[in-house]
Each structure stands twice: as structure tokens, then as C-alpha cells.
Amino acid sequence: MPKYEPGAIEPKWQEIWRTERIYEPDLDRAPRPFYNLMMFPYPSAEGLHVGNMYAFTGADIFGRMKRMQGYDVFEPIGLDGFGIHSENYAMKVGVHPMDQAAKAAPRFYGQLAAIGNGFAWDERVETYDPEYYRWTQWIFVQMFRKGLAYRKTQSVNWCPKDQTVLADEQVEGGKCERCGTEVVRKELEQWFFKITDYAERLLKGLDGIDWTEKVKIAQRNWIGRSEGALIDFPLAAGAAGAASGAASSQGLGNKSLRVFTTRPDTLFGATFMVVSPELAERWLRAGWQASEEVKKYVKESLTKRELERIDEGKEKTGVPAGLAAVNPATGKEIPVWVADYVLGNVGTGAIMAVPAHDERDFAFAKKFGLPVVQVVAEETGVLTGSGRFDGMDSEKAKREITKLIGGERKVQYRLRDWLISRQRYWGAPIPMIRCDACAAAGKGERADMPGWYAVGESDLPVILPRIENFRPTGTGVSPLGTEKSFYEVKCPACGGHARRETDVSDTFLDSAWYYLRYLDPKNDTAALNGARVAKWLPPENDGPMRLYTGGAEHSVLHLLYVRFVAMALHDWGLVAFEEPFKKFRAHGLLIKDGTKMSKSKGNVINPDEYITNFGADTLRMYLMFLAPFEQGGDFRDAGVLGVERFLKRVWAYAETLVPAEDAGKVKSAAREPAPAPAPAPAPAVAPALHRAIKKVTEDIENLHYNTAVSALMILLRAIEEGKGSREEFTVFLKLLAPFAPHLAEEIWRGRFGNAASIHREAWPAYDPAHLAGSAITLVFQVNGKTRDAVETESSIGEEEAKALALGNRKVQNALEGKTVKKVIYVDKKLVNIVA
RNA sequence: GCCCGGGUGGCGGAAUCGGUGUACGCAGAGGACUUAAAAUCCUUAACCCGAAAGGGUUUGUGGGUUCGAAUCCCACCCCGGGCACCA
């Protein structure tokens, strides 16, 4: 009997599958499309991590079952190769990013092939391919033309190590999410996408999609909708100590100070105002003659590192502005302060401070001797100290008070616009041209952005040139800004000297639309608008037509951007759907010995070693077995052995079913008889078989792979003990196929001599009539405590069961000296005697 | 601080429209095969007392509801993740 040698059979079948193209659906004619998409990896290190394998295998098993259920499963793969992480890795190993990408691709694809997934290899994409980023740039052009891309100078997050700006989403606790360096503030002019225009739709859309709840919650929090009011506080003469008198004389004009609040019902309690350093800065630039103390404070606040400002959150700082404002509810003058606990980019950049009803205001007031109250009550209730509103409910008072003082009700979002520009090399060049002459003449493609022109569609892609000084300059100018041949262009309007935009776009733009590109990778027409998209991504959600799988760490980055871009494409009439992924499931995190795997801890699992030592099938199956897929779990070497033993037993049992003369011979497809009708299994194995079909099918559908593997183990045991027939074993083999595709194929074709792949066979169906055997286990309890369990006929009736229980010796022992009060019967399950 | 998960044998984990707690696997113990080892197979296996029969205890802690609670309710503790001066 030949040995089970995964090292030999796995590459063999991978090669045959590829040649036979069994995982390549006909994208134009597939009758039952199922888009099984998984987040593609970014090739930023030596190779794929076992965590990637975990994610891909889990998604692949789902797709494999769907394929066997008759769906045309499309499971593409590719590389998210642009971006800071890939570029940083290239610099670390001292290779040009372009060369590194070329080197990484075969390595990554090789690993992805080795795990044995049913990828549609022909459709792979790499985001750094000019034919790919042509359309990334095309999307940018559309964003510009539709008014969704704009430039703005603002204080942005700057990573001193990566020497580029970061989106808010890429800053974690004041540090760069890539390298952990403390982020600083920097004033720069940058490109933004107006994702905030879509805040409400991004929020509402979540209600209609089937996503991991955790991710939905994260997105809701990130969008952060809050209802409130805009209220104007007229600025008055400086009762708070401004020697120079009225505000107007301080160079501010007869302005009023506008604030946003979610609690207009607390307006009567507003005893001072606070202006953010950012707003104060704007005032100063507009000519506000503030004290030296204010100027100094503003300057210091704005140059502080993000982290310092967060750290000081407990101990608040601030200075009096030397201004006073009038509380429109009470008519009283209240002082204005400048303090950095108020953020410049939230609301109006200024607040009304209500120490009685806001912890932060209270803390600030206490420190500077401003409070008149001893305790804070943040919760809503019934108003007091609010004149004629006393006794009114908070909710009603919010509306009434806003109305009274002429405030404007407003919904505000925490979400900020998407900062697109990156001052790096390894990304898609932003396809824009700037002409100073046109700008001076007030001309431009868009009236609100004089001097700016999008690169014409026929001129796309704007090719990223190979330059040797690709390293970040650190000056806020992209490396492409040193390349004359790149940036010197003619103005598309006036023909004069113009300058090409030298920043590249955020990598998240690359990955915000790749799912569309897969549907048309080789054509030069936009994938975005094809018939294939309508076929594979219909707007309606009837049935399990698509599944997106990936890590929960992308909850608010990728998964928000991809929805935004889809909504924009929808609005431009390019795609019928608004939500690209009707169903999304996040896999859990794989850990090692109780902690996150990381290079610094030296506990990173290299999947290649396991594939070499145990085989891909064993690794796949172990990964699925170790914990619930959506929960993640602990990778332990010892556990791999159990799965390896199981697969060896599968192999050994299969060998007992191979007739000596059949072994190794492969019948031709032409002579293959029609599939036999469902076999009538031997009584011993039948219930186990049907139970397993039900369990494995349902478990895969719910991504409960760990219990599906367990069910397969139980079934194999039943087959071994019941001496299951080849027909019965074949059912088992089909259930096993998604988990151990190579082994199943080797037995099916190599050993049993079938011509066509098992992965194209029909998924087994179970017969409910066969689920239960004739015997059931009846449990006897006394006062809820189990005393005995007996095997009995499943036809047993209530009275019979009760009699059986009362006559049971162990039950009688437990009942000694007690009177039976009540007997509870649960049909065919248990009898509980209350005594 | 707020929002999500989650606490079950020596270990990973099963079982939640309330009904035999610990499936499946790992490690352990005993045995078979072998000159021996590896591999493989069989048996055993929550914990405590007991030679056994049997009895008692147990799903983070404390209460509650119920004939019956890992599961439902209340309070609390611990771990993991996310957000965080968002007005």
C-alpha cells in the first residue's frame, strides 16, 4: 500500500487543477455566479504570514463547498503592492521598490499556490501595474470633476519617520500605525476626498447589509453622528479684563462666537466660552490683537506633538482670551478662554462651557477657579435654573431653547474628509496638473479651483517613473518633485509651463475598488462599467451571491473607503449597487502561546515550514480546527499532530477500498458510467453519515469550521467501526474535500480512478429520515439532578417513559424517603421527578 | 471613561429557542505490536472520597428566576479588542 505523501501529491494536483482550469469560471456566461472575495494581501515582508493562510483557507473552504453545490465560484487573488509598507520594506532591504515588487510577486504567489486554494489565477491583479493604476487615477479624475476632490491647507498628521502625511484613521493613539513614531502636526496643502458628504449614507447603509456586527459598530462610531445646534454668542466689551475695551477694537469686528452643542438645554448653565488654539490662530491671522500670553499659548499648542496634547488630557491648560461673550439665554457676559482641550477640527472649533453638566468643562473650570457648582450631572433630566424652562424635560428643552435664541439645529459627524495625498514615491501619481498662469487669470477646470486640471482620460495612466532617489525628502515634497522630466508639463488649457502634481495617492485608494478590476483584468475598457459587474455584483441581494472575508483590523479603513467609492460610482451612474459587499465576515486573530505573533517576540509561524513538514492539507485542516474561525485562536504545534493522524487514517481507510487491480489506473472520461443513484448505506453507518452531511454543510455555511472538522473525525470513526462501503466513504471524501483538497483529489482520482475532479462533484445531500437511529437516550433526573441515562426505543411514549424512570433503581435510591410531587417529561429526552 | 467580545478539565476548544456539562483533538496513564525505538492500534480519562459499588462537587464570583441554568435576569471581578477631551 502506497504511503500518504503530501509533499508529492500536493504540487501535482495544484498543477493539474491549474491546467484544467477548474477554478476559472466563465465570467461572461456563468449561470450561478458566486463571488467569493477575500482581502488581498500587501506584499510587505519576506512572505506570507500564517495569519494570511488562516484567512485565505477559511474563505476558500466556503468557496469550495459553494462550487460543489453548483455555484460558479469566482475566487480571485492579487497583491496590494503599492504603499508605504511595501516601500519601507524595499528600503530596509536596500532594493528599489519596483525591483522588490517584481521579486515579491512570485514569492507571494508561490506561497498562495502552495496552500492549495481554488484561486482564479488568470484574474489576478497587482495594484502597481500601470494597467491597474490607470483606473485608480481615473477614479481620482472623476472625484475631481464631480467636486469630491479638493485641496485644502490644514494642520495634518505628519509622520517624521515615514516623512509623509497620514489620514486620521492611520494615527493610533498619537502614533503612526505603520512605524509607531509619534505623529506631529504640520501645515500643508493636500488633496482630500469629500467622504463627509456621504456620512449619512455610509451610516444608513450599514442597516441593510449583513456584516460582522463588530465592524458595523466600529464604523458607526467612526462616523460619529451627533445631533445638536449651532448657537451664536455675541462678543461684547471685555468685562473679563480686556483693557482695550470692546471686541471690535481688538480687530475682530463685531463678530459673534458660534458654537456647536449637543446640549442646548444646558445653555443657561454656560458660564464661559472656550476657543481652540486653531481657531485662535485663525483670528490672530485675521488681525486679532490678543495679549502676548494668548499668542504664546496658541503657538505652543499648535507645535505640540499629538501625543503630548493627548497625554495632558487629564491636566487641562488654557489662558483667558481677554474677551467676553453674551450668553443669549441669560443676557449675561461670560469670559472667553483659549484652551487646547477644545479641538480645532471638531464642530466650530469653539464651545460654550457648562461646568454643571460637562466633566471636561468642570475640570477646566475647577482648575482656573471658574465653577459655581460642586458636582457634575451629565445625564439628561428636568431643567432647573433655566428661567421659564424650569421643569421642562431635557429633550423638549433642546428644541425650545434653540428656537428661542435663534439657534440652528444641526447634525454633525465625527468623520473627517479623506486625506489622499502622500509625499512618497511608491504609489499611484495623482493625475493632476497645476498651471500658475491659469491660476493667476482665475481659470481652471473647476471654478472653485483655479489653475488645476485633471489629466485627460486618454493620457492615463500617468506612469510612475523609475527614479533612483525614491527616498522620502522630508521636506513635505514628494520624491517625484525632484524629477524634472516627470513634473514639467504643458498646461492642457493654455499650453504654457505647468507642473504636474508630484504627490501619490493613499494606498487605500488602490484597494478601494479592486473587487471591480477582477471582473475585467485584461481589457482596456473600464472594469467599472461592464456587464460582468452587473452579473457578479447585482444590486439586489437574493441568495448567497457574494461573500467578502478579511480582517477586522480594516473595520474603519479599507471597509469604509471601499463603501464610499462604491457610492460615488453609483452616483455617477457607473454601477447599479451602492453597497459592494452585502455580506462580510471578519476572521479572528491567530495568536501564538497566548500573545500576538510578532517578529520582535520571535514567535511568528512560517507557514512554509508546516507545508513542508506536514503538507498543506494538514496545515489547512489544523488552522480550521484550532478555534472558531471568526474568533481566532491559539496556534499550537502539538495540535497539528492530531490532524496529521486523522488524514493518515483517511488515507489508510481509502486504501482498504482500492481493489488491487484498480489501483493507480485512471479510467477515461468517455467510459465513465453515469453517476450511480444514492447508495443505500449499511445500517450501521447511515445515521452517522447523514448527521455528518447535515452538520458539515451547516457548519461551513456558518463558518464554524472547527466543529465541521470534528464532525468529519466522528464520521471517519463511524465508517471505520461500521466497515463503511466505498460509496459511504465517498460521501465522507466529498465532505472532506474543501478542507483537504489535495488528499481528497488523490484518493478520488489517483486511487479510486475517477476521471474528473472531486471538486466538481455534487455536494452530498442528507435524508432527514436517516438522521436518527432507532435508539434514543432517555435521561432520568430527580429534582433536576441526573441520576441515570438509558438507551431505549425512539418510539417510546410519555407514560411508558415515566414508568421506566420511576422503576429505575438509581432513581428509586434518590427518591428514598421522599414523596413524588410531580413528574416532568420532555419528549424523547428526559424525565425529571420532583420530590 | 465609553462600546464590543470572552472567562468551561492539565491545554485548544464542544454544548446556548434552558433539558446527560466537558464533543473533537492535544498532552497524560495503562496495554498490544516490535530485539528495541519510532509509527500504528486498543483501553482509560473533569475533580474529590472510595478497593469497588456508590456518593459528593464543578462552567470567573455572589445573588435571583425555574421542576431543571454554562445558557435567562441583577450585581461584581478578571482577560482580550476597538474608540477616546467629538462639545
Side-chain angles (χ1 to χ4, degrees), chain A residues 172-173 212-218 220-222 224-226 228 259-263 266 270 274 276 309-310 312-314 316 339-343 345-354 357-361 363-364 378 412-416 552-553 555-556 588-589 591 593-596 621-622 625-628 630-643 645-646 648-649 652 704 706-714 716-717 720 777-790 810 813-814 821-835:
Chain A
E172 289 176 353
T212 303
E213 199 54 32
K214 204 177 165 162
V215 172
K216 282 195 190 184
I217 290 166
R220 284 195 192 103
N221 290 343
W222 191 262
R225 185 181 199 276
S226 54
V259 301
F260 173 78
T261 178
T262 56
R263 297 294 303 276
T266 65
V274 185
S276 66
R309 201 159 151 176
I310 292 168
E312 287 168 10
K314 289 154 210 148
K316 292 189 168 31
D340 71 1
Y341 84 93
V342 173
L343 307 175
N345 54 359
V346 176
T348 62
I351 61 154
M352 63 177 207
V354 187
H357 301 294
D358 185 284
E359 292 279 2
R360 299 155 299 180
D361 297 343
F364 185 79
E378 293 200 317
Q412 188 181 274
Y413 301 91
R414 181 190 173 282
L415 183 70
R416 314 282 156 69
E553 70 272 17
S555 298
V556 290
L589 192 67
I591 57 173
D593 305 322
T595 49
K596 229 174 178 167
M621 208 147 179
Y622 174 62
F625 184 53
L626 63 83
E630 290 180 86
Q631 183 188 301
D634 210 346
F635 189 101
R636 279 158 196 267
D637 288 5
V640 181
L641 298 173
V643 171
R645 283 178 200 149
F646 168 72
K648 280 182 179 169
R649 269 170 51 214
H704 295 167
N706 57 330
T707 47
V709 173
S710 161
L712 289 169
M713 289 171 166
I714 292 167
L716 179 66
R717 187 62 73 192
E720 285 170 342
T777 305
L778 201 58
V779 173
F780 299 150
Q781 296 183 335
V782 175
N783 291 333
K785 198 164 220 169
T786 302
R787 293 295 166 177
D788 205 0
V790 298
K810 290 181 184 172
N813 285 348
K821 288 182 196 144
K822 199 162 132 191
V823 181
I824 287 162
Y825 178 66
V826 179
D827 193 36
K828 299 189 200 326
K829 268 190 182 158
L830 102 173
V831 180
N832 185 15
I833 296 155
V834 187

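Within every chain, numbering begins at 1; the chains are lettered A, B, ... in the order of the sequence lines, protein sequences first and strands thereafter.
- Closest approach of A:Met352 to A:Val259, counting heavy atoms only: N-CG1, 3.7 Å.
- Of all heavy-atom pairs spanning A:Tyr341 and A:Ala353, the tightest one is OH-CB, 4.4 Å.
- For the P atom pair drawn from B:C72 and B:G5, the interatomic distance equals 12 Å after rounding to whole Å.
- Residue-level contact check: A:Lys785 touches the backbone only, with heavy atoms under 4.0 Å from sugar-phosphate atoms and none from bases.
- Residue A:Asp358 is classed as having no contact, given no heavy-atom separation below 4.0 Å to the nucleic acid.
- Residue A:Arg414 places at least one side-chain N or O under 4.0 Å from the OP1 or OP2 atom of B:A84.
- Spacing of P atoms, B:C78 relative to B:C42, comes out at 46 Å, to the nearest Å.
- One can place CD1 of A:Ile591 at 13 Å from C1' of B:C11, the figure rounded to the nearest angstrom.
- If you check every strand for non-hydrogen atoms under 4.0 Å, A:Leu626 touches sugar and phosphate atoms only.
- Of the candidate nucleotides B:G12, B:A87, B:U20, B:U20 has the atom lying nearest to any side-chain atom of A:Val779.
- Along RNA chain B, the nucleotide closest to A:Asn706 and the one closest to A:Thr348 are compared, and the more 5′ of them pairs with A:Asn706.
- The side chain of A:Ser226 contributes an N or O atom lying less than 4.0 Å from OP1 or OP2 of B:A87.
- The shortest side-chain heavy-atom distance between A:Val346 and A:Gln412 falls under the 4.5 Å cut-off.
- Of the candidate nucleotides B:A87, B:A39, B:A27, B:A87 has the atom nearest to the side chain of A:Thr261.
- Annotation: B:G28 and B:A37 have their P atoms spaced 16 Å apart (nearest Å).
- Backbone-only contact: A:Val834 has heavy atoms under 4.0 Å from sugar-phosphate atoms and none from a base.
- The C1' atoms of B:G30 and B:G63 are separated by 45 Å, rounded to the nearest whole Å.
- No donor-acceptor pair under 3.5 Å is formed between the side chain of A:Glu359 and the backbone N or O of A:Glu378.
- With distances taken from any side-chain atom of A:Lys214 to the nucleotides B:G80, B:G12, B:U20, the minimum falls on B:G80.
- Within the structure, a side-chain polar atom (N or O) of A:Arg645 is placed less than 4.0 Å from OP1 or OP2 of B:A27.
- Using a 4.0 Å heavy-atom criterion, one finds that A:Ala638 contacts the sugar-phosphate atoms exclusively.
- The residue A:Asp361 sits apart from the nucleic acid: no heavy atom pair falls under 4.0 Å.
- In this entry the distance linking CG of A:Asn813 with P of B:G54 reads 9 Å, nearest Å.
- For A:Val342 against A:Gly349, the heavy-atom pair with the smallest separation is CG1-O, 3.6 Å.
- OP1 or OP2 of B:G21 lies within a sub-4.0 Å distance of a side-chain N or O belonging to A:Thr786.
- Between B:G19, B:A15, B:G80, one nucleotide has an atom nearer to the side chain of A:Thr707 than all others, and that is B:A15.
- For A:Trp222, counting side-chain heavy atoms from C-beta on, the closest listed nucleotide (B:A87, B:G12, B:A84) is B:A84.
- In this structure the side chain of A:Leu626 never reaches within 4.5 angstrom of the side chain of A:Arg636, judged on heavy atoms.
- Atom CD1 of A:Ile714 is separated from atom P of B:G25 by 7 Å (rounded to the nearest Å).
- Contact annotation: side chain of A:Glu359 to base of B:G1, donor-acceptor pair absent below 3.5 Å.
- Put simply, CZ on A:Phe635 is 15 Å from C1' on B:C11, counting in whole angstrom units.
- Residue A:Arg717 places at least one side-chain N or O closer than 4.0 Å to OP1 or OP2 of B:C42.
- Separating the NZ atom of A:Lys822 from the P atom of B:C67 is a distance of 5 Å, rounded to the nearest angstrom.
- Separating the C1' atom of B:A39 from that of B:A32 is a span of 14 Å, rounded to the nearest Å.
- A distance of about 15 Å separates the C1' atoms of B:U58 and B:G7, rounded to the whole Å.
- With B:G55, B:G19, B:A87 as the candidates, the nucleotide lying closest to the side chain of A:Arg787 is B:G55.
- For the pair A:Gln631 CD and B:G5 P, the interatomic distance rounds to 13 Å; values are reported in whole Å.
- Atom CZ in A:Arg220 sits roughly 15 Å away from atom C1' in B:G82 (whole-Å rounding).
- Comparing the P positions of B:G50 and B:G62 gives a spacing of 26 Å, expressed to the nearest Å.
- Contact record, A:Gly633 with A:Ala627: CA-CB, 3.7 Å, taken as the closest heavy-atom pair.
- The aromatic rings of A:Tyr622 and A:Phe635 sit perpendicular, their planes meeting at an angle over 60°, well past the 30° parallel limit.
- Nearest-nucleotide assignment on RNA chain B puts the 5′-proximal partner with A:Thr777, out of A:Glu720 and A:Thr777.
- Not a single donor-acceptor contact under 3.5 angstrom links the side-chain atoms of A:Lys821 to the base of B:C67.
- The shortest distance between the side-chain N/O atoms of A:Asn221 and the OP1/OP2 oxygens of B:A84 is not below 4.0 Å.
- Regarding the sugar-base torsion, B:G9 falls in the syn class, its angle being within 90° of 0.
- Proximity note for A:Ile217 (side chain, C-beta onward) versus B:C3, B:G80, B:A14: the nearest is B:C3.
- A:Asn345 places its CG atom 10 Å from the P atom of B:C85, with the value rounded to the nearest Å.
- Taking atom P on both B:U8 and B:G60, the two are 6 Å apart, rounded to the nearest angstrom.
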